[in-house]
Amino acid sequence: MPDGTKLTRIPTLRTVADFRKHVAALGLDLPCEDSIVTGADSPLAQPVNSVTINGKTIGNRIAIQPMEGWDGTTSGGLTEEMRRRWQRFGESGAKLICGAEAMAVRPDGRANPNQLIIIEENKAGLAELRQILMNAHQQRYGSTEDLVIGFQLTHSGRFCKPEDKSRMEPRVAYRHPILDKKFNVTSDTQIFSDSEIEQLIEKYIEAAKIAWDVGADFVDIKHCHGYLLHEFLSALTRPGKYGGSFENRTRVLREIVSGIRASGNKIDLAVRLSAFDLVPFKPDPTLSLPGKPGPGIPEDFSPCLPYRYAFGVDQNNPLEYDLTETFQFAELCAEVGIKILNLSAGSPYYNPHIQRPAVYPPSDGYQPPEDPLVGVARQINVVRKVKESVARLQGYKVTSVQNDPQVTLQPCNHVTFAPIIVGSAYSYLQEYLPHVAQAVVRHGWTDMIGLGRMVLSYPNVFPDALERGTLNPKAICRTFSDCTTAPRNGLISGCYPLDKYYASKPEAQKLKEIKRGLP
Ligand SMILES: Cc1cc2nc3c(=O)[nH]c(=O)nc-3n(C[C@H](O)[C@H](O)[C@H](O)COP(=O)(O)O)c2cc1C
Ligand code: SF4
């Protein structure tokens with residue numbers, strides 16, 4: 001830790017009491033139940049009754065978060081690794097599949113040459129993936145009536161590497177005073193023009209049609225992690241109809257939604273949003289050693305104040321978030337009929353500690369500048385605030401499952417429903433993930449618990465919690481970050497440390513060498 005104190009590792013906290021003591025010592029607001037509740041009484045086993053998706057009620061409170069693939073063919077076709085991943089998602093018991101993995105709406109918008117592309121030519125493959133997931137779920141749980149599957153639609157913007165894993169081909173919404181250097185943005189020609197954006201919007205509309213044709217229940221119009229549409233939300237310095245005012249910066253979303261509806265496509269809609277952001281971080285050069293980056297420190301933002309280059313940030317102190325526009329955006333989502341608002345934070349490329357809290361950094365990251373539990377609690381508390389804000393829109397109640405007191409909020413008539421809220425960044429909780437997840441759902445702080453890394457290492461986490469009331473410590477994700485380090489170095493992603501399937505691949509050896517600093 002930057003202050004020289006030793007990080008307390010979660011597995012060393014033997015009991016719930018130890019965990020709570022640690023949370024209290026960090027001064028965090030993080031509720032935690034005494035034990036894992038099994039069976040139908042678990043708050044996590046309750047259906048989501050507030051909104052239906054494609055006519056279905058989501059059968060429980062567990063969502064699988066999207067996790068980009070680096071393992072397709074270069075034309076966006078399927079491979080065994082992909083099929084296996086989708087099968088495991090189906091077996092996980094989660095009743096909401098929030099995109100499964102990001103799919104580029106056109107080839108040049110890929111973050112890597114092996115990412116899925118959602119275009120006509122790949123329809124059969126996408127249908128196959130969905131069917132694999134459905135079959136796996138049906139086989140294990142006997143029904144798919146309450147299983148809801150979406151596809152995440154993306155253009156990778158600043159992080160595009162569509163043709164070659166080592167060649168950045170960024171396209172951006174605006175020039176960024178800090179990120180341009182890091183991501184090879186050197187010319188204004190890399191900025192999307194308004195007419196290019198109009199063409200791109202058409203691709204989102206076409207992709208939504210393909211998703212509907214192959215049986216997806218919804219599409220997620222990705223607005224997170226610094227990718228293109230997230231960047232538009234902070235395009236304060238961009239001139240023209242897609243920049244400047246809040247109305248202009250959200251025009252892309254509104255035009256995609258109205259285009260999908262005008263095309264007659266009835267598919268339901270979701271948005272994944274980085275609800276807040278901070279400035280980019282870097283390893284402290286004075287404390288970095290070869291193969292061991294120093295603790296994260298903010299990039300020098302002093303020449304950039306007021307900081308007008310991130311969404312959901314305090315412009316005068318960009319080390320703090322500001323949710324004013326986040327609430328406004330959530331309200332807009334409700335107004336245009338977005339049914340699922342899946343909340344995340346920041347970006348894995350420039351401030352990973354707020355996005356996916358971890359003890360061990362990825363190779364392009366830095367040692368944690370704070371206890372990763374702080375990052376988990378930050379996201380959980382922001383999700384709570386956003387949920388309260390959308391609930392207010394309709395005189396909705398902050399619904400608690402089971403017996404907690406319900407809070408009645410102000411009525412408001414212009415929205416017909418409040419979107420289902422999904423939270424992120426639970427994996428670092430490890431042994432205590434179910435205890436915290438139960439508590440936040442029971443208190444109504446979120447509707448659903450989104451799981452990312454934990455299901456890569458441990459797809460059985462939810463069935464084990466629900467059926468046995470205990471977790472398998474050997475399968476719990478320990479946030480080693482290999483699933484990020486591998487693709488950052490041109491290898492396929494996967495849980496190399498804990499999933500034997502990856503541990504036995506030749507890539508595992510290569511990854512070891514990369515981590516040891518060998519060429
Ligand atoms: C390997 C990997 C790939 C990811 N790809 C995506 C993606 O394609 N789209 C997205 O919205 N989030 C992506 N994420 C972020 C996760 O959805 C999630 O927000 C993050 O891992 C934090 O949740 P966790 O603590 O449960 O892992 C990815 C995360 C990982 C580890
Ligand atoms: S490589 Fe495995 S243990 Fe490490 S963060 Fe990814 S899923 Fe977790």
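Order of listing sets the numbers, starting from 1, for every ligand and every atom in it. Residues take their numbers from the sequence shown, with the count starting at 1. From a predicted model like this one, the values you see are computed outputs, not experimental measurements.
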Any N or O of S427 closer than 3.5 Å to N or O of ligand 1: yes
Identity and distance of the protein heavy atom lying nearest atom 6 (C) of ligand 1: P66 O, 3.1 Å
Pairwise side-chain contact, L228 with F192, heavy-atom cut-off 4.5 Å (strictly under): yes
Part of T479 within contact of ligand 2 (heavy atoms, under 4.0 Å): backbone
For G423 against V383, the heavy-atom pair lying closest together: CA-CG2, 4.0 Å
NZ/NE/NH1/NH2 to OD/OE distance under 4.0 Å, K222 and D220: no
G452-ligand 1 polar pair, N/O distance under 3.5 Å: yes
Within 45° cone of Y349 ring axis and under 6.0 Å: R158 NZ or CZ: no
Closest to atom 20 (C) of ligand 1 among Q355, Q379, K222 (heavy-atom distance): Q355
Winner among R356, R272, M67 once heavy atoms are compared against atom 19 (O) of ligand 1: R272
Protein contact to atom 9 (N) of ligand 1 [nearest heavy atom, distance to 0.1 Å]: Q152 OE1, 2.8 Å
Beyond-backbone contact of L253 with L229, side-chain heavy atoms, under 4.5 angstrom: no
Presence of N, O or S from C495 under 2.8 Å of atom 2 (Fe) of ligand 2: yes
Proximal atoms of ligand 1 relative to Q65 (non-hydrogen, under 4.0 Å): 17 (O)
Those atoms of ligand 2 less than 4.0 Å from some heavy atom in R478: 3 (S)
Nearest non-hydrogen protein atom, atom 7 (S) of ligand 2: R453 O, 3.4 Å
Atoms in ligand 2 with a heavy atom of P497 nearer than 4.0 Å: 1 (S)
Nearest protein heavy atom with distance in Å, relative to atom 27 (O) of ligand 1: R453 NE, 2.7 Å
E68 N/O under 3.5 Å from ligand 1 N/O: yes
Minimum-distance pair of heavy atoms, taken over all atoms of S274 and H225: OG-N, 2.8 Å
For atom 5 (S) of ligand 2, closest protein heavy-atom neighbour: S481 N, 3.2 Å
